[in-house]
Amino acid sequence: MPDTGFRPFETSLDRDTALDLLRRATDGADDGELFVERRRSEALVFDDGHLKNASFDAAEGFGLRAVNGETAGYAHSTEISEAALKRAVKTARLAVGAGGGTLAEAPAPTNRRLYGDLNPMQDASFGLKLETLAEIDAFARALDPRVVQVSATIAASLQEVEILRPEGTHLHDSRPMSRVNISVIVEENGRRESGSMGGGGRFGLASLINRDHWQGVAREALRIALVNLEAVPAPAGQMDVVLGSGWPGILLHEAVGHGLEGDFNRKGSSAFTGLIGQQVAARGVTVVDDGTIPDRRGSISFDDEGTPSARNVLIEDGILVGYMQDRQNARLMGVAPTGNGRRESYAHAPMPRMTNTIMQGGDTDPKDIIAELKDGIYAVGFGGGQVDITNGKFVFSCTEAYRVQNGKIGSPVKGATLIGDGPAAMKQIRAIGNDMALDPGIGNCGKAGQWVPVGVGQPTLLIGGLTVGGAG
């Protein structure tokens, strides 16, 4: 039976009735919406020569929100029905109270589509996916006799959303996502090390399970593992650091990006609060959050409140010029929404979140940047990190890094962590490469218990005076 798409206002709810109930919930409120969602996802994990796990998940439901000033009433249900919606109205109304609000202006309309109208789970049969995973396993093992374990994952999902607003705006979006990941473990003389690579975005699986693609991914995972096999303990102390292009932008995302989200700044809890118009980074540093890049993991045609996504400049030539905003915080701060109101699912209220956060490239050759580094670390891969939003202090672990002395890249190092604070690090940027690159499509961002897909990007950077934690 063919999939005819998610049509909740044809199959589960009468649209006019739903709109009437939404208007009751938001009568006297400043804002609100009905967010209806169906999400389906699948993942196949092939580990140590066998299919370890095959999962398929499906969920649907709605979230109803009424906003009055700083207060929001939110109710959600897995049951998409008039009865459930009526119950939700009673809960949402508790936030409105006696009312007195003025309904905010509706989002601007958009016909833009940043990704194809497709279901990536239907790109290949289960048999083909399983066959591909087995091929990946065999190929990676044949690359080097030191490979002792291979793990590969093929994952795809489709999120379909309907947004109904009290002024009558009705929006639909179908958001695909695909990803292939490969990890290898190598062993030599009793020492084991691992390497991982993968990525994807808002497109189908076909290109990712093409041999030309996944063979390159497998080779890169092996290369990282072999680099780590030769790594020596990282030095410790304060030193200059060169960050590679692409995925190392995750440090920018965490150490700076979260601090530029509107809610933290409205509440005064960000290290960047009240600094609009002031220099917060070195000259030449321009940071944007851009949800309009086609097919990227963090891109959205419009956000989860119905505001079209945008390319928002946050820092321009070192000067802080704006924050990322959802509708509620934008209204309370007297500025326009920026298309950054995002939520994990219908069970969560939206909040200001990043999409694809990128530092623009400069004009310096990356080779010249490394040549300038007299004694420090060249970090090209990152794992987990922790950040304190109130002061921007961060700790990040490196998954691939090298010692650099007198401008020459030396031995790989393991156990390196980078310690610093975002605002200070931004002012210590001394060189910006001309090689700006986006990450391969692997980012997830957590905030207040919610996870959303994001993208990052940056050029090669030289940052002075970071603390490197290591073993020596």
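In what follows, residues are counted from 1 in the order of the sequence shown.
If you look at H76 and H348, their ring centroids are not closer than 6.0 Å.
Atom CD of Q386 sits in a sparse spot, with 12 or fewer heavy atoms from other residues, nucleotides or ligands closer than 6.0 Å. Within a 6.0 Å sphere centred on CZ of R113, heavy atoms belonging to other residues, nucleotides or ligands number more than 12. Residue-environment remark: CD (E105) stays at or below the threshold of 12 foreign heavy atoms within 6.0 Å. For N444, the CG atom sits in a packed shell: over 12 heavy atoms of surrounding residues, nucleotides or ligands are nearer than 6.0 Å.
Side chain of N340 to backbone of R353: a donor-acceptor contact under 3.5 angstrom is found. With hydrogens and angles disregarded, a donor-acceptor distance shorter than 3.5 Å links the side chain of R297 to the backbone of G443. No side-chain donor-acceptor contact under 3.5 Å links Q458 to the backbone of M359. For the pair N68 (side chain) and T71 (backbone), a donor-acceptor distance under 3.5 Å is absent. Put simply, the side chain of S196 never gets that close to the backbone of S183: no donor and acceptor are under 3.5 Å apart. In this structure, the side chain of S157 does not engage the main chain of S41 through any donor-acceptor pair within 3.5 Å. Listed for the Q328 side chain is a donor-acceptor partner under 3.5 Å among the backbone atoms of G69. Between the side chain of T357 and the backbone N or O of M354, no donor-acceptor pair lies under 3.5 Å. Of the possible donor and acceptor atoms, none in the side chain of D435 sits under 3.5 Å from a partner among the backbone N and O of S245. Judged by distance alone, the side chain of S178 and the main-chain N or O of P120 form no donor-acceptor pair under 3.5 Å.
The nearest pair of heavy atoms linking D439 to I442 is OD2-N, 3.1 Å. Residues G449 and E344 approach most closely at O-OE1, 3.6 Å, considering heavy atoms. Shortest non-hydrogen contact noted between A221 and V184 is O-CG2, 3.5 Å. In terms of heavy-atom proximity, G361 sits nearest to P459 at CA-CG, 3.8 Å. What you find for G392 and P423 is that their closest heavy atoms are CA-CD, 4.0 Å. Considering every non-hydrogen atom in both F62 and L34, the closest pair reads CD1-CD1, 3.7 Å.
Side-chain atoms of Y323 and E261, non-hydrogen and from C-beta on, never get closer than 4.5 Å to each other. Counting heavy atoms from C-beta on, the side chains of V285 and D317 never come closer than 4.5 Å. Contact of the V241 side chain with the L418 side chain is registered, since non-hydrogen atoms from C-beta on lie closer than 4.5 Å. The shortest distance between side-chain heavy atoms of L208 and D123 does not fall below 4.5 Å. Contact annotation: the side chain of W214 approaches that of E135 to within less than 4.5 Å [non-hydrogen atoms, C-beta and beyond]. When side chains are defined from C-beta on, P453 counts as touching R342, because their heavy atoms get closer than 4.5 Å. Two residues are said to be in side-chain contact when any heavy atoms from C-beta on lie closer than 4.5 Å; F46 and T132 fail this criterion. Looking at I154 and L133, their side chains come closer than 4.5 Å, going by heavy atoms from C-beta outward.
Rounded to the nearest 0.5 Å, atoms CE (M197) and OG1 (T399) are 8.0 Å apart. Atom-to-atom distance recorded for L19:CG and L13:CG is 11.5 Å, nearest 0.5 angstrom. We find the CZ-CG distance between F272 and L320 to be 7.5 Å, quoted to the nearest 0.5 Å. To the nearest 0.5 Å, atom OG of residue S301 and atom CG of residue L114 are 4.0 Å apart. In this structure, CG on N265 lies 4.0 Å from OG1 on T273, to the nearest 0.5 angstrom. Interatomic distance, L158 CG to N119 CG, rounded to the nearest 0.5 Å: 5.0 Å.
Side-chain contact of R112 with S309: a donor-acceptor pair under 3.5 Å is present, judged by distance alone. Side-chain atoms of R296 and N356 include no donor-acceptor pair closer than 3.5 Å.
A salt bridge is defined here as a Lys NZ or Arg NE, NH1 or NH2 lying under 4.0 Å from an Asp or Glu carboxylate O, and R175 with D117 fails to meet this definition. A salt bridge is absent between E305 and R165; no separation between the charged side-chain nitrogens and carboxylate oxygens falls under 4.0 Å. With respect to K129 and E131, no salt bridge is recorded, no charged nitrogen being found less than 4.0 Å from a carboxylate O. Under 4.0 Å is where a charged nitrogen must lie from a carboxylate oxygen, and between R40 and E160 at least one such pair does. Between D27 and R23, no side-chain nitrogen of the basic residue sits less than 4.0 Å from a carboxylate oxygen of the acidic one, so the salt-bridge criterion is not met. Remark: R87 engages E79 in a salt bridge, criterion side-chain N to carboxylate O under 4.0 Å. A salt bridge between D31 and R327 is present, with a side-chain N of the basic residue lying under 4.0 Å from a carboxylate O of the acidic one. The pair K447-D263 meets the salt-bridge criterion, since a charged nitrogen lies less than 4.0 angstrom from a carboxylate oxygen.
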Set out, in order, the CA-CA distance, both residues' side-chain angles and the distance that settles side chain to side chain donor-acceptor pair (under 3.5 Å) for Y74 and R343, then state yes or no. CA-CA 13 Å; Y74 196 75; R343 65 182 98 199; 2.8 Å; yes
Derivation of the ring-ring contact (aromatic ring centres under 6.0 Å, His included) call for H172 and F6: CA-CA 9 Å; H172 169 79; F6 186 47; 7.7 Å; no
Check against side-chain contact (heavy atoms from CB on, under 4.5 Å), F203 and M177: CA-CA 6 Å; F203 43 78; M177 191 76 77; over 6 Å; no
Can D303 and I300 be said to form a side-chain contact (heavy atoms from CB on, under 4.5 Å), step by step? CA-CA 6 Å; D303 70 9; I300 43 178; 3.8 Å; yes
Intermediate values then yes/no, side-chain contact (heavy atoms from CB on, under 4.5 Å), E70 and L332: CA-CA 8 Å; E70 296 188 22; L332 293 170; 3.7 Å; yes
Apply side chain to side chain donor-acceptor pair (under 3.5 Å) to R331 and N329, showing your working. CA-CA 5 Å; R331 184 176 63 258; N329 285 281; over 6 Å; no
Audit row: L164, F9, side-chain contact (heavy atoms from CB on, under 4.5 Å) steps and yes/no: CA-CA 10 Å; L164 186 62; F9 293 111; 4.1 Å; yes
Trace of the side chain to side chain donor-acceptor pair (under 3.5 Å) decision for Y115 with D173: CA-CA 10 Å; Y115 23 84; D173 201 14; 2.6 Å; yes
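Among L44, D47, T153, the one residue that satisfies the side chain to side chain contact (heavy atoms under 4.5 Å, CB included) test with K52 is D47.
Both the sub-6.0 Å distance and the 45° axial angle are not jointly satisfied by R65 relative to the ring of F35.
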